[in-house]
Amino acid sequence: MTVLSSPETVTAEKAGDRPPPSPLRALVARADLRVLSLVVVLAALIVVGAVTEPEQFLEWANIRLILTQGSIIGVVTVGMTLVIIGGGIDLSVGAIVALASVWATTVATQDYGFTGILFTAVIVGVGCGLVNGVLISYGGMVPFIATLAMLASARGLALMISDGKTQIVSVNAVTDLGLPKSYVLGIPPLIIIFAVIAALGWLLLNRTTFGRRTVAVGGNAEAARLAGININRQRLALYLISGLCCGIAAFMLIVLSGSGQNTNGNLYELDAIAAAIIGGTLLSGGRGTIVGSVLGVLVFMTINNIFALNNLETDVQQIAKGAIIVVAVLVQHRTSRNAADA
């Protein structure tokens, strides 16, 4: 009697005949293609830097400089990435950083020492995020308009508080964090803070219900509402997180510069959006990765460093950033169109 094998049995037998994939192949299969491509781009930039400036680029002091400078905008980018994945945008992050840094370095605030400066920077950032979130979630305002209004208001308030002057920090406990004596195994505290914030952002997005709701709201808000997700509360939480990241970044900037200025955070919103985009975050929402955004920050910081070491002008750096953003958006559109056709 002939026994017919079911399709599942045949598939299992064929699968059993195949050798198990190597660990490297399995890792590549699970990895995001965009993340892998960014790793390749970053590796290529490192090669370019090593070839053009072999005596300086690969020095630990220079690598530490790249990571330290990138840590501040990196923290802002983590918050921006979550907002964009959730279907929003935040044009006010740079202005919020400026306002928080100025408010936290006034004479009255410095009288409360390290705790006063840190608390003020964080609470100002969260407060601005709360205003953005309420206007967008419950006021019905478009994110672009609401955050643009916050950009103008926060910049104006920062200028009013500082009177256009640089406010020097006199609290040693704050400024000491930027000195070599505070390094942990040769790593500045600012880099460690960035690594912790990025790790928390990754966990929040990939390992919690909050992260799944964020992706759902950004992908299809109406479907998310029908599934029982409180869209307004979700969006409010995202802008609160963005404001929190801006407050932390403001404190880090105070540590790095030892001062507060109304010009702090200039163009941070563009840098954060650009890093998120080239990291694979869709401007329309619903998709993105914290890892990709972190790599995007490192790519931009490395480019800036290479240009600086080769004495290229700042305007060339801005042109290069613009070109990278255009290419990244074009690739996104092409990828999305191909996915839709498939």
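Keep in mind that what you see is a predicted model, and the values were worked out from it rather than measured.
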For [X] against [Y], the heavy-atom pair lying closest together:
| X | Y | value |
| --- | --- | --- |
| T147 | I136 | CG2-CD1, 4.3 Å |
| T281 | G288 | OG1-CA, 3.6 Å |
| Q261 | S101 | O-OG, 3.6 Å |
| G86 | L238 | CA-CD1, 3.8 Å |
| T81 | T289 | CG2-O, 4.0 Å |
| I229 | A216 | CD1-CB, 3.9 Å |

What distance separates [X] [atom1] from [Y] [atom2], expressed to the nearest 0.5 Å?
| X | Y | atom1 | atom2 | result |
| --- | --- | --- | --- | --- |
| I273 | S293 | CD1 | OG | 11.5 Å |
| N132 | L148 | CG | CG | 10.5 Å |
| I89 | M80 | CD1 | CE | 5.5 Å |
| L256 | L253 | CG | CG | 6.5 Å |
| S259 | N264 | OG | CG | 6.5 Å |
| D176 | K181 | CG | NZ | 4.0 Å |

Taking the side chain as C-beta and beyond, is there a heavy-atom pair between [X] and [Y] under 4.5 Å?
| X | Y | value |
| --- | --- | --- |
| V294 | I290 | yes |
| I72 | Y268 | yes |
| T106 | Q167 | yes |
| T302 | F57 | yes |
| T175 | L179 | no |
| L240 | L244 | no |
| L236 | Y138 | yes |
| I73 | M301 | yes |

Dump the intermediate steps for side-chain contact (heavy atoms from CB on, under 4.5 Å) on V41 and I278, then the final yes or no.
CA-CA 11 Å; V41 170; I278 71 169; over 6 Å; no
State yes or no: do [X] and [Y] share one hydrophobic cluster built from I, L, V, M, F, W and Y residues joined by side-chain heavy-atom distances below 4.5 Å, directly or via other members?
| X | Y | result |
| --- | --- | --- |
| V78 | L283 | yes |
| F144 | L267 | no |
| M252 | V102 | no |
| V40 | L298 | no |
| I187 | I66 | yes |

* To do: Begin from the C-alpha positions of L177 and F251 and carry the test side-chain contact (heavy atoms from CB on, under 4.5 Å) through to its verdict.
  => CA-CA 11 Å; L177 286 177; F251 178 76; 4.2 Å; yes
**Message:** Atom OH of residue position Y112 - does it have more than 12 heavy atoms of other residues, nucleotides or ligands inside 6.0 Å?
**Reply:**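 No.
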| task | Please indicate whether E222 has more than 12 foreign heavy atoms, meaning atoms of other residues, nucleotides or ligands, lying under 6.0 Å from its CD. | result | yes
Main chain of [Y], side chain of [X]: is a donor-acceptor contact present, judged purely on distance under 3.5 Å?
| X | Y | value |
| --- | --- | --- |
| S137 | Q234 | no |
| R207 | W202 | no |
| T208 | G211 | yes |

- Task: May I ask you to check whether Q110 and T105 show a side-chain donor-acceptor distance below 3.5 Å?
- Result: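 The criterion, which ignores hydrogens and geometry beyond distance, is not satisfied for T105 and Q110.
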Verdict with supporting geometry, S242 and V93, side-chain contact (heavy atoms from CB on, under 4.5 Å): CA-CA 8 Å; S242 179; V93 291; 3.8 Å; yes
Below 3.5 Å, can you tabulate the donor-acceptor pairs from side chains in residues 117-125 to any protein atom, sequence neighbours excluded?
unit_1	atom_1	unit_2	atom_2	d
T120	OG1	G116	O	2.7

